[in-house]
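In this text, all values refer to a predicted model and were calculated from it rather than measured experimentally. Side chains are part of it too, since the values below use all heavy atoms of this structure and drop only hydrogens, waters and symmetry mates. Along the sequence shown, residues are numbered consecutively beginning with 1.
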Amino acid sequence: MSADGSPPAAPDGTLLLALARGSIVERFGGPPVVRPEGEPWLDQPRAVFVTLKLQTGELRGCVGQLIARWSLWEAVREAATSAAFCDRRFFPLRDEE
């Protein structure tokens with residue numbers, strides 16, 4: 001972790017992507033996502049956006065928040081599932097997608 005408490009540069013994107021994907025898979029009956037230990041930066045309040053795209057690059061869902069209301073851990077989980085199932089521009093994500 002850097003001196004200002006921000007996440008390390010390399011692993012944070014990978015971890016956040018896994019968290020977003022895992023949160024969606026969990027809604028389809030997959031294993032529960034477990035908060036990784038030793039990552040205190042996940043507890044900091046952050047504003048987030050999660051964008052889902054099809055393999056063709058087309059938008060499939062995008063939801064976020066401009067104001068940090070939850071910890072990064074909770075905000076990513078909420079935004080990911082909302083992008084997948086609650087974006088009013090699209091039907092809810094299907095298991096085969």
Side-chain angles (χ1 to χ4, degrees):
M1 181 174 342
S2 67
D4 68 355
S6 62
D12 63 335
T14 303
L15 180 58
L16 293 174
L17 181 59
L19 170 59
R21 286 180 174 164
S23 298
I24 294 169
V25 169
E26 183 177 339
R27 287 282 300 267
F28 285 113
V33 176
V34 178
R35 190 200 175 289
E37 293 193 28
E39 304 293 348
W41 54 273
L42 289 173
D43 296 322
Q44 296 177 2
R46 294 286 188 248
V48 302
F49 274 83
V50 173
T51 301
L52 305 179
K53 293 185 177 182
L54 300 173
Q55 290 181 349
T56 59
E58 294 176 69
L59 182 65
R60 180 58 178 89
C62 183
V63 172
Q65 52 182 300
L66 296 173
I67 298 171
R69 294 182 286 165
W70 299 310
S71 70
L72 181 58
W73 164 255
E74 295 168 309
V76 169
R77 288 179 53 86
E78 176 66 26
T81 55
S82 292
F85 304 107
C86 301
D87 187 330
R88 290 186 236 165
R89 298 170 291 178
F90 303 96
F91 289 108
L93 194 69
R94 297 180 313 251
D95 191 23
E96 60 271 11
E97 290 181 280

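Contact check for Ile24 versus Phe85: side-chain heavy atoms found under the 4.5 Å cut-off. Looking only at side-chain heavy atoms (C-beta outward), Val63 and Thr51 stay at 4.5 Å or farther from each other. Between Asp43 and Leu72 the shortest side-chain heavy-atom distance does not fall below 4.5 Å. When side chains are defined from C-beta on, Leu59 does not count as touching Leu54, because their heavy atoms never get closer than 4.5 Å. Inter-residue side-chain proximity for Phe49 and Val76 is flagged as unmet; no heavy-atom pair is nearer than 4.5 Å.
A distance of 11.5 Å separates CG in Leu19 from CD in Glu39, rounded to the nearest 0.5 Å. If you take OG on Ser71 and CZ on Arg35, they are separated by 7.5 Å, rounding to the nearest 0.5 Å. One finds the SG atom of Cys62 at 8.0 Å from the CG atom of Leu52 (value rounded to the nearest 0.5 Å).
Side-chain atoms of Glu26 come within 3.5 Å of backbone atoms of Val33 as a donor-acceptor pair (strictly under, hydrogens ignored).
With sequence neighbours excluded, the residues that form a salt bridge (Lys or Arg N to Asp or Glu O under 4.0 Å) with Arg89 are Asp87. Residues passing the salt bridge (Lys or Arg N to Asp or Glu O under 4.0 Å) test with Glu74: none are found, sequence neighbours excluded.
Under a 4.0 Å N-O distance rule, the pair Arg27/Asp95 does not qualify as a salt bridge. A salt bridge links Glu97 with Arg60: the closest approach of a Lys/Arg side-chain nitrogen to an acidic carboxylate oxygen falls below 4.0 angstrom.
Closest of all the heavy-atom pairs between Pro45 and Ala68 is C-CB, 3.6 Å. Counting all heavy atoms, side chain and backbone alike, Ala20 lies closest to Ala80 at O-CB, 3.6 Å. Annotation for Val34 and Trp73: closest pair C-CH2, 3.5 Å, computed over non-hydrogen atoms. Contact between Trp70 and Glu78 at its shortest, heavy atoms only, is CZ3-CG, 3.3 Å. Residues Ala79 and Val48 share a closest heavy-atom pair of CB-CG2, 3.9 Å. The minimum heavy-atom distance linking Phe28 with Leu93 is given by the pair CZ-O, 3.4 Å.
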